[in-house]
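Accompanying notes for the structure given below.
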Amino acid sequence: MCKGRVRSAVVAAVAVALVAAAYPRGVVAKGTAPGANASSLWTDPQTGQVFAKPGPGRVPLTPQDAPSNEAPGSPIQAALWSDAQTGEVFSKPGPGRLPLTPQVTASTEPPPSQIQTLQQETRELEKQVQALTNKNGLQLDGVNVKLGGFIETAGIYRTRNQVADVGSDYNQGIPFNNAALAHENETRFSARQSRLSLLVSADVAPQAHLAAYYEFDFLGSGTSSNSRESNSYTPRTRHIYATLDREDWGFHLLVGQNWSLLTTNTKGIMPRQEQIPITIDAQYVEGFNWLRVPQFRVVEEFGHGLWAGASAESPQVVTSPIVQPTGVNYTNPGNSAGLLNATTTYSNDWVPDLHAKIAYDPGWGHYEFKSLLRMFTARADGASRHTWGYGFGGAATMPIVAKYVDLQLSGLAGYGIGRYGSGQLPDAAFKADNIHLVAIPEAQGMFSLIGHPWAGNDLYVYGGWEHADRAGAPSTSGYGWDGLDVSGCGYEGGKTCQAETRDLTQITAGFWQDVYKGSYGRFTLGFQGGNIWRDAFSGKGGRPKTNIGIFMTSVRYYPFP
């Protein structure tokens with residue numbers, strides 16, 4: 001018995017030695033079964049299965065069953081045995097046998113062509129991930145796309161009821177004491193100032209750039225909109241324009257809807273660089289000069305901080321509370337078939353509002369001189385008659401404590417400039433002949449102090465004023481007539497209150513505090529509170545006055561860093 005075992009072990013050892021010496025690395029044995037044609041065998045290191053060739057698509061060989069007592073056909077065929085269940089390869093049958101070490105190199109590595117393909121796909125995927133996570137936008141071929149905007153929930157409290165959303169009525173919506181609204185408070189919550197923007201830009205050449213910008217919010221109100229259950233308000237376009245910039249020429253072109261050229265910039269005269277009050281109230285501040293209208297604008301950058309620009313902007317006249325005389329075509333309801341709102345009126349102007357501005361950045365502060373020219377049209381007795389309005393103004397921004405406190409001043413004065421103030425005073429009235437128009441003398445001004453006491457905090461104080469003089473006919477078709485009956489303005493239920501606004505004055509203050517600012521965007525809290533005083537012209541029964549306190553809170557998340 002002992003001699004037989006020794007003899008079997010010697011035969012197996014000799015067989016293994018012959019196999020190792022006769023075949024290259026990776027070869028386990030010749031043949032798949034006794035009597036089969038010889039071929040190389042390969043094993044998988046994870047499953048232990050035996051294959052006739054390496055690489056993908058290989059088919060495992062049928063494992064050999066446990067050997068019988070019959071003598072092998074040749075020493076090499078008897079050298080290896082495979083397990084029928086696991087596919088492992090052994091040098092001898094029976095219990096206690098040890099599996100041979102599988103050859104890894106040839107059985108697991110894919111062909112070189114597949115490695116190159118996988119490497120190329122990995123590089124492309126890395127580029128896509130980098131583009132998606134790029135803080136400067138998403139690169140699509142030669143065009144860069146960048147998202148912006150914020151989600152806001154605002155809280156609104158007014159000491160008099162305006163029945164208004166986050167955009168307050170800074171003039172006629174401030175009720176005198178004859179109205180029941182003047183004796184009611186108002187509380188509202190609103191998310192409609194939330195907005196989304198899209199900036200698409202492309203570098204056509206090192207010195208030539210194209211861009212398009214679109215921004216909308218939800219403050220538009222259709223004629224069927226309501227707040228009973230689902231508010232059904234429509235998105236409102238704030239900005240939609242395209243720009244062409246040639247840095248080598250210092251030339252900049254803008255076409256589309258944007259802030260008026262009359263709006264003060266923080267530096268130069270470039271879009272998205274406007275100096276907008278950082279208030280929560282969507283109507284900003286009394287005395288702030290602004291519009292958002294379609295326009296054609298050209299700007300030249302001369303170097304050394306000097307800029308000049310001109311624009312032609314869509315015209316429109318503020319008429320309320322002017323009463324249109326009988327037989328005069330001054331304004332008309334919108335044509336719904338022509339896609340205008342039939343529930344409001346549009347003026348007959350055919351010459352755009354024309355603007356010019358010079359801006360200077362000397363290295364300390366920013367300074368502007370601006371002007372505007374307008375034309376108003378009325379038709380009566382078979383003829384059209386035109387009246388010109390104009391205005392001149394300026395602005396200055398001065399960092400009186402560098403990085404900590406900025407002082408901002410702006411003003412505009414002229415004839416027929418009411419449209420350009422947050423109070424929306426009327427632009428023109430009718431003369432005594434009730435045919436010709438007259439531009440109303442007006443003035444607007446605003447100041448602000450903006451503080452940055454620590455990182456992530458902004459404190460602000462704004463003061464604003466808008467004024468109009470008497471003009472035109474001694475009747476309701478003129479403006480500020482001293483014969484208007486204002487005797488009922490001072491008490492609730494007063495039946496006659498023909499008051500027309502002479503002065504609007506506002507003081508408001510607030511802050512913004514960042515809770516988080518980083519690669520995941522910005523989360524900030526804000527508060528604003530202040531008062532507006534509305535003073536009317538004197539008339540029969542006195543000189544009416546009223547005021548309103550407005551307090552707002554805001555929670556905003558800017559998801560795009």
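Hydrogens, waters and symmetry mates play no part in the numbers below; they use all other heavy atoms, side chains included. All of these numbers come straight from a predicted model, not from anything done at the bench.
Using modelled atom types and a 3.5 Å distance limit, the side chains of N258 and R238 yield no donor-acceptor pair. With no hydrogens or angles considered, no side-chain donor-acceptor pair links T377 and R385 at under 3.5 Å. Side chains of E152 and S194: a donor-acceptor N/O pair is absent below 3.5 angstrom, by distance only. A donor-acceptor contact closer than 3.5 angstrom is absent between the side chains of S487 and K495. In summary, the side chains of H355 and D353 do not present any donor paired with an acceptor at a separation below 3.5 Å, with no hydrogens or angles considered. Between the side chains of Q444 and N289, at least one donor N or O lies within less than 3.5 Å of an accepting N or O. With hydrogens and angles left out, the side-chain atoms of W259 and H239 include a donor and acceptor closer than 3.5 Å. Checking Y360 against H304 by side-chain atom types alone, no donor-acceptor pair falls below 3.5 Å. In the model, T343 has a side-chain atom that pairs as donor or acceptor with a side-chain atom of N341 under 3.5 Å. Under the 3.5 Å distance criterion, with hydrogens and angles disregarded, a donor-acceptor pair is assigned to the side chains of D458 and H452. Judged by distance alone, the side chains of N434 and S477 do bring a donor and an acceptor atom under 3.5 Å apart. A donor-acceptor pair shorter than 3.5 Å cannot be found between the side chains of N185 and N161. Looking only at atom types and distance, the side chain of T524 has no donor-acceptor partner in the side chain of Q513 under 3.5 Å away. Judged by distance alone, the side chains of Q408 and T397 never bring a donor and an acceptor atom under 3.5 Å apart.
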Begin with the C-alpha distance, continue with both residues' side-chain angles, and end with the deciding distance and a verdict on salt bridge (charged side-chain N to carboxylate O under 4.0 Å, His left out) for K357 and E368.
-> CA-CA 7 Å; K357 180 160 74 174; E368 294 184 1; 3.4 Å; yes
Stepwise salt bridge (charged side-chain N to carboxylate O under 4.0 Å, His left out) check, D482 with K540 | CA-CA 7 Å; D482 59 7; K540 292 181 179 179; over 6 Å; no
Derivation of the side chain to side chain contact (heavy atoms under 4.5 Å, CB included) call for V298 and F251 = CA-CA 7 Å; V298 292; F251 174 80; 4.3 Å; yes
Kindly determine whether F176 and V486 satisfy side chain to side chain contact (heavy atoms under 4.5 Å, CB included), including the steps that lead there.
-> CA-CA 10 Å; F176 290 102; V486 296; over 6 Å; no
Side chain to side chain contact (heavy atoms under 4.5 Å, CB included) between D427 and T319, intermediate numbers included = CA-CA 7 Å; D427 292 311; T319 60; over 6 Å; no
Take W533 and I507 through the test side chain to side chain contact (heavy atoms under 4.5 Å, CB included) and record every step on the way to the result.
-> CA-CA 9 Å; W533 294 267; I507 186 75; 3.7 Å; yes
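Aromatic ring centres of Y462 and F447: separated by at least 6.0 Å. Taking the six-membered ring where the residue is Trp, the centroids of F376 and H436 are separated by 6.0 Å or more. Y330 and F430 have their aromatic ring centers within a separation under 6.0 angstrom. For Y284 and W290, the distance between ring centers is under 6.0 angstrom. Ring centroids of W388 and H386 are separated by 6.0 Å or more, keeping the two rings apart.
For the pair R543 (side chain) and A536 (backbone), a donor-acceptor distance under 3.5 Å is present. Between the D514 side chain and the Y516 main chain, no donor and acceptor come within less than 3.5 Å of each other. In this structure, the side chain of E442 engages the main chain of I417 through a donor-acceptor pair within 3.5 Å. Judged by distance alone, the side chain of D281 and the main-chain N or O of S168 form a donor-acceptor pair under 3.5 Å. Here the side chain of E300 pairs no donor or acceptor atom with the backbone of A308 at under 3.5 angstrom. Remark: side-chain polar atoms of E313 are not paired, donor with acceptor, to backbone N or O of R292 under 3.5 angstrom. The backbone N or O of R379 lies less than 3.5 Å from no partner atom in the side chain of S384, so there is not a single donor-acceptor pair. Listed for the Q295 side chain is a donor-acceptor partner under 3.5 Å among the backbone atoms of V293. Put simply, the side chain of T159 never gets that close to the backbone of I548: no donor and acceptor are under 3.5 Å apart. Judged by distance alone, the side chain of Q506 and the main-chain N or O of G464 form no donor-acceptor pair under 3.5 Å.
In this structure, N265 and H366 have side chains that are in contact, with non-hydrogen atoms separated by less than 4.5 Å. Side-chain contact check for M398 versus D406: every heavy-atom pair is 4.5 Å or farther apart. L449 is listed as a side-chain neighbour of I400, based on a closest heavy-atom distance under 4.5 Å. For the pair T326 and V328, the minimum side-chain heavy-atom distance is 4.5 Å or more. You'll find the side chain of T345 stays beyond 4.5 Å of the side chain of Q324, heavy atoms only. Using a 4.5 Å cut-off on side-chain heavy atoms (C-beta onward), L412 and Y420 make contact. A heavy-atom distance below 4.5 Å is not found between the side chains of M552 and F527. Side-chain contact check for Q283 versus N171: every heavy-atom pair is 4.5 Å or farther apart.
The environment of W350 atom CH2 is sparse: at most 12 non-hydrogen atoms of other residues, nucleotides or ligands sit within 6.0 angstrom. Within 6.0 Å of the OH atom in Y157, the count of heavy atoms belonging to other residues, nucleotides or ligands exceeds 12. More than 12 heavy atoms of other residues, nucleotides or ligands lie within 6.0 Å of CZ in F369, so this atom counts as buried by the packing criterion.
Using a 4.0 Å cut-off between charged side-chain N and carboxylate O, R192 and D217 make no salt bridge. A salt bridge is absent between R502 and D535; no separation between the charged side-chain nitrogens and carboxylate oxygens falls under 4.0 Å.
For R195 and F150, the positive end is not near the middle of the six-membered ring at less than 6.0 Å and at most 45° from its axis. The side-chain tip of R272 points at the ring of Y213 from less than 6.0 angstrom away and within 45° of straight on. Cation-pi contact between R522 and Y558: present, with separation from the ring centre below 6.0 Å and deviation from the ring axis of at most 45°.
Put simply, CD1 on I240 and CG on L198 are 10.0 Å apart, with the number rounded to the nearest 0.5 Å. With rounding to the nearest 0.5 Å, the separation of CG in L407 from OG in S448 is 7.0 Å. Expressed to the nearest 0.5 Å, how far CD1 of I278 lies from CD1 of I450 amounts to 4.5 Å. Once rounded to the nearest 0.5 Å, the distance linking CD1 of I532 with OG of S422 reads 9.0 Å. Between the CG atom in L354 and the CG atom in L373 there is a gap of 5.5 Å [rounded to 0.5 Å]. Between the OG atom in S260 and the CG atom in L372 there is a gap of 8.0 Å [rounded to 0.5 Å].
Of all heavy-atom pairs between T234 and G222, the closest is OG1-N, 4.4 Å.
Under the side chain to side chain donor-acceptor pair (under 3.5 Å) rule, R534 has a single partner from D503, T546, T501, which is T501.
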